[in-house]
There are 2 protein chains.
Amino acid sequence: MVSSSNRPGRRPGPSATREAILAAARAAFTAHGYDGATIRAVAAAAGVDPALVLHYFGSKRGLFAEAAALPFDPATAIPAIIAGDPATAAERLLRFFLAAWDSGQSRDGLLALLRAAVNDEQAAAMFRARFAGELLGRVAAQLPGPGVEVRVGLVGSTLAGLVFARYIVRLEPLASLPAEGVVAMVAPTIQRYLTGPLELPGAPGEGGSHAPGD
Amino acid sequence: MVSSSNRPGRRPGPSATREAILAAARAAFTAHGYDGATIRAVAAAAGVDPALVLHYFGSKRGLFAEAAALPFDPATAIPAIIAGDPATAAERLLRFFLAAWDSGQSRDGLLALLRAAVNDEQAAAMFRARFAGELLGRVAAQLPGPGVEVRVGLVGSTLAGLVFARYIVRLEPLASLPAEGVVAMVAPTIQRYLTGPLELPGAPGEGGSHAPGD
DNA sequence: CGTTGAATTCTACGCCTGTTGAGTTCGTCC
DNA sequence: GGACGAACTCAACAGGCGTAGAATTCAACG
């Protein structure tokens with residue numbers, strides 16, 4: 001490769017090393033998950049010594065916490081989506097969501113977060129707080145009526161399923177479809193979950209009480 | 001702890017050790033993922049020595065392959081679901097799917113498989129072949145017309161999203177909802193993906209079937 | 001009763017991991 | 001032009017991992 005100066009000590013010129021490490025970490029976490037990504041591999045990809053990674057981020061968890069930050073600000077993005085004709089809010093939401101995932105840079109961070117959520121119970125809680133709380137919670141705040149939580153839960157479930165099929169398992173032909181094609185087919189589903197008629201639970205009739213947990 | 005006979009050699013009486021190891025492995029893979037689950041932990045949970053696990057299953061991958069087998073036979077289950085009124089096939093499919101996941105025993109194996117698919121590219125390919133090929137492929141074989149692959153892809157995406165929200169992240173209130181409640185709300189979506197009108201990609205006339213977007 | 005093989009344990013090797021502490025080079029401020 | 005701290009590397013520790021091989025105990029069969 002390049003002439004990797006093995007010499008110790010500070011390198012001349014301004015240093016973009018911290019950012020390089022973060023980029024390498026995002027890629028590594030995305031490609032191999034939290035456990036699979038090693039500090040040594042991240043350091044090698046960034047062209048630095050493993051100890052320098054720890055020097056900057058303290059620990060592997062600290063590195064992950066910075067690498068997996070949300071690439072946009074929910075506080076401003078969500079209201080912008082909700083504002084406007086409620087009948088087409090689903091299209092805007094889906095379009096925004098797919099754009100975030102189709103952009104390579106933000107996809108890496110998101111995928112790392114998702115992978116960690118699937119693996120680690122602790123990360124799942126973090127995911128719940130961040131994704132559910134900051135994103136879906138804001139959507140729920142703009143919706144009227146009872147059963148709002150179920151509605152946004154279904155929306156989140158739909159989005160998660162899309163991510164899984166399209167970006168993780170890469171199920172064809174869904175994975176290669178242009179975003180607009182997905183919007184055309186899935187937006188009606190989300191729109192129904194948001195504002196359409198829904199047989200909400202707790203309605204009279206069936207009284208089956210049953211918990212899926214152990 | 002109990003009087004764990006640390007003595008080597010065969011134990012008296014008939015041995016159900018192999019099954020005990022498999023059960024422990026399913027639980028461990030489910031709880032911690034492929035990498036997080038260690039042979040030593042599985043062995044400890046089953047009350048045996050780590051080397052015995054290797055003696056039975058050859059390697060960690062071999063253990064996983066047996067622990068994460070599909071708990072039902074797709075060749076018989078899928079046609080049974082498809083048969084009957086096509087207008088209510090979605091309900092039957094969804095009900096069968098949720099039953100498999102709500103049953104603790106099969107859920108463990110399925111979750112392990114899913115976790116591995118998210119983590120490991122190699123396992124994702126295996127998942128694609130198994131889930132997409134054996135399950136969705138059979139569904140697609142019973143559907144008419146063009147764009148069948150997209151339709152079953154959307155169905156798979158919907159199911160995956162439900163699993164993610166309900167069993168992995170445990171997003172409330174979706175996670176605690178009885179299965180019938182989920183069926184009532186989500187079956188229409190799946191039914192539309194299966195047999196309903198869909199703006200299939202590649203279809204002519206992109207313009208103006210809905211309100212102006214951007 | 002002796003032999004054979006399966007069930008089971010112990011010990012250990014080699015590898016990789018996250019992390020640490022000491023040491024070296026450079027930019028910057030007085 | 002020193003002093004100081006930030007950037008950076010090196011070498012090493014302690015621990016966990018998957019796996020291998022020899023040793024021990026039991027069951028089954030002649």
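Throughout, a chain's letter reflects where its sequence line sits, starting with A, and its residues are numbered from 1. The figures that follow rest on heavy atoms only: side chains count, while hydrogens, waters and symmetry mates do not.
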Whole angstroms only, please: what is the [atom1]-[atom2] distance between [X] and [N]?
X	N	atom1	atom2	value
B:Ile21	C:dA7	CD1	C1'	10 Å
A:Asp35	C:dC16	CG	C1'	13 Å
A:Ile39	C:dG18	CD1	C1'	6 Å
A:Arg18	D:dC8	CZ	P	12 Å
A:His32	C:dT17	NE2	P	11 Å
B:His55	D:dT25	NE2	C1'	13 Å
A:Phe57	D:dA7	CZ	P	11 Å

* Select one nucleotide: of D:dT19, D:dC17, C:dT17, the one nearest the side-chain heavy atoms of B:Thr38. => D:dC17
* Structure fact -> Sorted by chain and number, sequence neighbours left out, ring pair (Phe, Tyr, Trp, His ring centres under 6.0 Å) with B:Tyr34 holds for B:Phe29, B:Phe64
* Structure fact -> Hits for ring pair (Phe, Tyr, Trp, His ring centres under 6.0 Å) against A:Tyr167, two or more places apart or cross-chain, chain-then-number order -> A:Trp101
* side-chain hydrogen bond (donor to acceptor under 3.5 Å, both in side chains) contacts in which one or both residues fall within residues 145-165 of chain A, not counting sequence neighbours -> none
* **Any residue meeting salt bridge (Lys or Arg N to Asp or Glu O under 4.0 Å) with B:Arg92, in chain and number order, not counting sequence neighbours** => none
* Structure fact -> Sorted by chain and number, sequence neighbours left out, salt bridge (Lys or Arg N to Asp or Glu O under 4.0 Å) with A:Glu66 holds for A:Arg18
* Heavy atoms, side chains only, cut-off 4.5 Å: are A:Val155 and A:Thr189 in contact? -> no
* To do: For DNA chain C, find the residues of residues 42-54 of chain A with a heavy-atom distance under 4.0 Å and give them by number; none if there aren't any.
  => A:Ala51, A:Leu54
* N/O donor-acceptor pair under 3.5 Å between A:Ser59 side chain and A:Gly62 backbone -> yes
* **D:dA6 phosphate, OP1 or OP2, under 4.0 Å from A:Tyr56 side-chain N/O** => no
* To do: Tell whether B:Arg40 reaches the base of D:dG16 with its side chain through a donor-acceptor pair below 3.5 angstrom.
  => no
* To do: Mind checking A:Ala37 for me? I need base, sugar-phosphate or nothing, with any heavy atom below 4.0 Å counting as a touch.
  => sugar-phosphate
